[in-house]
Amino acid sequence: MLKKPLHFAPYLKSVIWGGERIPSYKGIETDQHNIGESWEISAVSGHVSIVDRGEFKGKSLTEMIELFGADLVGDANLKKHGTRFPLLIKFINTAGDLSVQVHPNDNLARLRHNSPGKTEMWNVIETTPGAKIYAGLSEAITPDEYERHVADKTIMDVIASHDSSAGDVYFLPAGRIHSIGAGNLLAEIQQTSDITYRIYDYDRLDKDGNPRQLHTDLAREAIDYQVYSCYKENVKSPLLVDCPNFAVHRLISTSENEPAIIPDTRDSFTIVMCILGNATVRFADGDNLSETAIPQGDTWLFPADMKGLELTGDTTVLTIQS
């Protein structure tokens with residue numbers, strides 16, 4: 001049995017479109033700039049998260065699953081994914097527009113890359129005036145028309161544009177064209193996959209002065225060409241997204257004395273991301289009650305063998321199960 005929450009060292013990723021908001025939002029100091037992503041919990045090869053506190057400090061997420069198995073991830077996740085943690089958890093900040101991209105589904109990703117696909121979701125935390133989210137097609141196009149739009153650089157003409165506001169939620173099943181516009185800070189929950197097909201990148205150059213690589217042909221077969229009536233989630237309850245890959249709730253607490261029950265709907269670990277304020281998670285520790293403080297911008301993993309989690313504090317958190 002594990003019965004101990006785990007904290008991991010974030011991987012701060014500098015990118016061409018990255019901003020400067022993540023360090024102050026997370027309350028950390030760094031000389032790094034243009035940080036577009038903070039990988040909070042990752043099992044992506046080359047960037048597997050490392051425990052940075054407590055008795056397991058220095059062990060990787062994969063090593064922890066090897067040691068504790070179902071006690072950490074749950075029986076269902078262990079049977080389905082083995083020692084590969086199924087989710088990648090991030091904060092993202094955009095000073096420039098993210099490239100227009102699409103991700104393959106599980107079948108296509110396994111066929112091409114021997115990897116899971118990438119379905120993801122976004123919870124917008126902060127925006128600057130005029131910030132946009134681009135998700136889905138605004139009009140029907142064929143694969144041939146898609147290629148023509150890419151060739152003549154008019155692909156943005158057929159992608160749905162949305163004004164971005166704090167609290168907005170977008171579910172992005174594999175196959176949906178998307179981009180995060182400049183001026184967004186958001187939380188991203190996705191399958192453990194780093195496969196991205198870049199469709200359009202505003203003619204930007206890489207650090208060596210070369211045009212950034214596009215994946216026009218690969219994306220053609222990955223895109224869902226159907227047009228949907230709405231791409232922003234109409235959130236009416238704490239449950240934001242419930243799909244085969246993850247269930248995400250958004251909980252708001254305003255009290256230190258009246259705890260909110262953290263949902264436990266799957267045979268799974270529970271991840272808690274504090275997106276606003278300062279949270280405290282209470283849990284049974286033998287005959288005693290223990291608690292973990294989670295400041296804004298911080299993320300903790302509570303193993304599957306920890307049940308009855310409660311939230312207090314003046315805070316908003318995302319809770320995630322697989």
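- Looking at N123 and L240, their side chains come closer than 4.5 Å, going by heavy atoms from C-beta outward.
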List the atom pairs, with distances to 0.1 Å, where a side-chain N or O of residues 103-111 and a protein N or O form a donor-acceptor pair under 3.5 Å, not counting sequence neighbours.
| unit_1 | atom_1 | unit_2 | atom_2 | d |
| --- | --- | --- | --- | --- |
| H103 | ND1 | I195 | O | 2.9 |
| H103 | ND1 | T196 | OG1 | 3.4 |
| H103 | NE2 | E120 | OE2 | 3.4 |
| H103 | NE2 | H178 | NE2 | 3.2 |
| N105 | OD1 | N107 | N | 3.2 |
| N105 | OD1 | L108 | N | 2.9 |
| D106 | OD1 | G117 | N | 2.8 |
| D106 | OD1 | Q191 | NE2 | 3.0 |

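- Ring planes of F68 and F56: perpendicular class, angle over 60° (limits at 30 and 60°).
- If you take CZ on R250 and CG on L276, they are separated by 11.0 Å, rounding to the nearest 0.5 Å.
- Applying the ring-ring contact (aromatic ring centres under 6.0 Å, His included) test to H7 and every residue at least two apart in sequence or in another chain returns W300.
- When the ring-ring contact (aromatic ring centres under 6.0 Å, His included) test is applied to F269, the partners found at least two apart in sequence or on another chain are F85.
- Taking 4.0 Å as the cut-off between side-chain N and carboxylate O, D203 and R212 do not count as a salt-bridged pair.
- Other members of a hydrophobic cluster containing I252 are absent, since no ILVMFWY side chain comes under 4.5 Å of it, directly or through relayed contacts.
- For F8, there are no ring-ring contact (aromatic ring centres under 6.0 Å, His included) partners two or more places apart in sequence or in a different chain.
- In this view, Y11 and W39, H47 satisfy the ring-ring contact (aromatic ring centres under 6.0 Å, His included) rule, not counting sequence neighbours.
- Salt-bridge check for R176 with D224: failed, with every basic side-chain N at 4.0 Å or more from each acidic carboxylate O.
- Each of L6, T83, L78 was compared with L72 under the side chain to side chain contact (heavy atoms under 4.5 Å, CB included) criterion, and only L6 meets it.
- A salt bridge links D163 and K132; the closest N-O separation between the charged side-chain nitrogens and carboxylate oxygens is under 4.0 Å.
- Salt bridge annotation for R220-D144: present, with a cationic side-chain nitrogen under 4.0 angstrom from a carboxylate oxygen.
- Between Y170 and Y231, the ring centre distance reaches or exceeds 6.0 Å.
- In this structure, K232 pairs ionically with D168, as a charged nitrogen and a carboxylate oxygen lie closer than 4.0 Å.
- Paired with I271 under the rule side chain to side chain contact (heavy atoms under 4.5 Å, CB included), one option of I189, T319, I89, L318 passes, and it is I89.
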